[in-house]
Amino acid sequence: MASLNLPSATPSAPSRRPSHPLFPKPTNFLTTATRTHRLRICATAQNENSPVETSQGNVDRRNMLLGLGSLYGAANLISTPAASANPVQPPQLDKCSTATNLNTGEKLDVNCCPPIIDRIVDYRLPPVFQMKARPSAHRVSPEYIFKYNMAIDRMKRLPADDPRNFMQQANIHCAYCNGAYDQPGQGGLDLQVHNSWLFFPFHRWYLYFYERILGKLIGNPTFALPFWNWDNPKGMTIPPMFLDPKAAIYDSKRNQDSLRAVVDLGMTGNKDPLQVVANNLTIMYSEMIRGNADVYDFMGQPYREGTAVNPGPGSSERGSHTAIHVFVGDPREPSGEDLGNFYSAGRDALFYCHHANVDRMWTLWQYFLPSNKVPDKRITDPDFLNASFLFYDENAQLVRVTVKDCLDNLRMGYDFERVDLPWLDYRPPPQTAKARITRTASTAPRADTLFPLTLDRVARFQVPKAKKGKADELLVLENITVDTTKFLKFDVFVNDEDDNALELDKAAYAGTYAQVPHKTANRKATTTIRLKLTDLYDDMDIADDDSIVVTLVPRHQGPGVVIGGIKIIENPPKATAASP
Ligand code: C2O
């Protein structure tokens, strides 16, 4: 069966996984507009009576919602460490150049440069009088769909040179993501908002203005974008409203095989929809919780003025986010347009719906994940907080915004409809017996004999642990050189020699690297990822071994990735990375 109409009722778990139901008990928390400092999480059977404190500032947030308080904002965050460089500066719009074709390196015919307006205003978040509620795209009413289409239609009918026009808005993504801008004063170094800690903030601001423009066009200031709830089995298909060919939100450039299929966040090509759902939930658990040792593992690695592109994508960006782009992009088009390539992604209204859920992941991670799982959730580095971008607001005014003003969605005036988080407890079942066999039987070569490694087929090798005995450790894949113009993806498994790489819902799955094709100056970028192994060691009972067997499974065809080295390090004690 190639596709599945997901039932709205909770189906029973597959019998082969009795200990780990496919659809665990519904979790029951979400964003609410009145959340104050001590958020309570009553999420699961196991911690339902134990509220978990989040890492938010010690301030009553209701004040901020009214725009009265500046206590929890930048001011008290910036005190920490000395900058080692400077924040990324906004682009010089008058130096915008044509984007480049992602496959050939030639100039694209698209000019994605915005109209130029001399006056730039520093944007101030307006006071919030009424919270916007972003709805789950699978649950919206006919009235909502009507209004949403009306807004998009009006956006398409704006004059072509109006910066709020649909194509102009799409081009924002092209310009910031396809090498149209250089970093000011950095000798031709590309400005690139992906694959780094700027990923969440940039897209949050992008959607923020997009949403305000749509609201203005229909005279409804509380209009809120829908989010594609692809992290929940009930949302794991393209939201039906996007499939109506007569709708303004329709786009013909989509993968025809994906229109009604279950989203494949693992991109394994597995054809069993129930297994794909199980893979998806495992990926969500892994990228939100299990695989991250610090804030950068989730948010992305530091990107400052003068940093070369792609310092390292966060777990969510390279995982579920990339997968949805590739799932929807049309393979009949030369470069996977529209969603499958950064320069064209914003031409499909579904892009903003997808990114509303990406944005929701950031909010969930910040405010709703138990802090014992993810200890440090704030980046206090001024090079992060003071990085800035330019956008046109709903009045076509060019504004400069900073990262520090977008850390809190409530302060920005929007929230998300409550839905269940079935991945929250989706820890894979222990796999101890298999791991034990693997460790005694392995004949895999040592990693240092194979690297640097061109990853064009499955690779398997042994990596020594940092420390014998129980340990809190990370697997680091470093100097990963990628061809940025290609779709690339590989999965990482530990002690999983004989297993089925089409299934990810097992303890041996350690994480993923993946990228959406895009252009950089010389088509190449060098990047690093880190995967936390601590829970995996427990689940496979291998903490006491000297080494582990790592399997890398590429999901793309042909060359494109060379991995410089692989090693295991001890998880630095909390705070090393980012605090004084
Ligand atoms: Cu800017 Cu999903 O990409």
Side-chain angles (χ1 to χ4, degrees), residues 88 91 99 102 110 112 114 137 168-181 190-211 225-228 230-231 238 242 251 253-255 258 263 265 267 287 298-300 303 309-330 335-362 387 389-391 401 403 406 482 484-489 512-520 525 527:
V88 166
L102 314 144
V110 271
C112 46
Q168 292 282 350
Q169 287 292 307
N171 284 345
I172 292 172
H173 200 255
C174 170
Y176 272 99
C177 320
N178 269 68
Y181 297 137
D190 270 355
L191 177 60
Q192 169 57 263
V193 292
H194 297 86
N195 301 306
S196 77
W197 68 13
L198 295 186
F199 172 74
F200 283 113
F202 171 82
H203 291 87
R204 173 167 286 183
W205 276 119
Y206 186 13
L207 264 62
Y208 172 86
F209 289 113
Y210 197 82
E211 182 170 77
L225 285 168
F227 65 87
W228 177 0
W230 37 250
D231 57 303
I238 293 180
F242 289 93
D251 183 8
K253 292 184 185 173
R254 293 183 188 140
N255 186 338
S258 296
V263 299
L265 298 183
M267 294 183 273
E287 69 184 32
F298 178 77
M299 294 291 293
Y303 179 59
V309 294
N310 289 26
S315 56
S316 174
E317 178 182 4
R318 67 178 189 257
S320 54
H321 161 257
T322 292
I324 294 287
H325 274 277
V326 175
F327 178 77
V328 182
D330 192 343
S335 302
E337 290 87 346
D338 282 327
L339 254 137
N341 208 299
F342 282 154
Y343 92 89
S344 53
R347 298 174 182 184
D348 187 340
L350 188 50
F351 168 86
Y352 306 88
C353 183
H354 166 39
H355 266 274
N357 204 43
V358 171
D359 192 61
R360 181 173 156 266
M361 291 305 133
W362 187 17
F389 316 107
L390 300 178
F391 288 96
V401 297
V403 167
C406 77
V482 292
T484 56
T485 64
K486 291 188 174 165
F487 160 65
L488 299 171
K489 184 200 184 218
T512 290
Y513 175 84
Q515 70 174 20
V516 180
H518 60 284
K519 177 265 170 186
T520 50
T527 201

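Just so it is clear, the structure is predicted and the values come from calculations on it, not from any experiment. Note that the numbering runs from 1 along the sequence shown for the chain. Counting convention: from 1, in listed order, for ligands and their atoms alike.
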*Residue and atom names of protein N/O/S atoms that fall under 2.8 Å from atom 1 (Cu) of ligand 1*: H173 NE2, H194 NE2, H203 NE2

*From H325, does some N, O or S atom reach closer than 2.8 Å to atom 2 (Cu) of ligand 1?*
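An N, O or S atom of H325 is closer than 2.8 Å to atom 2 (Cu) of ligand 1, so yes.
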
*Tell me the salt bridge (Lys or Arg N to Asp or Glu O under 4.0 Å) pairs involving residues 349-358, sequence neighbours left out?*
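Every pair satisfying salt bridge (Lys or Arg N to Asp or Glu O under 4.0 Å) with a residue in residues 349-358: there are none.
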
*Those residues that, when tested against D330, pass salt bridge (Lys or Arg N to Asp or Glu O under 4.0 Å) (two or more places apart)*: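 Counting only residues at least two positions away or on another chain, D330 forms a salt bridge (Lys or Arg N to Asp or Glu O under 4.0 Å) with R332.
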
Kindly assign one of parallel, tilted or perpendicular to the pair [X] and [Y], based on the angle between their ring planes and the thresholds 30° and 60°.
X    : Y    : answer
F342 : H325 : perpendicular
Y176 : Y181 : perpendicular
Y352 : Y206 : perpendicular
H203 : H355 : parallel

*Residues in side chain to side chain donor-acceptor pair (under 3.5 Å) with D348, at least two apart?*
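Partners of D348 under the side chain to side chain donor-acceptor pair (under 3.5 Å) test: R254.
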
*Relative to atom 2 (Cu) of ligand 1, which of the N, O or S atoms in H321 is the closest?*
NE2

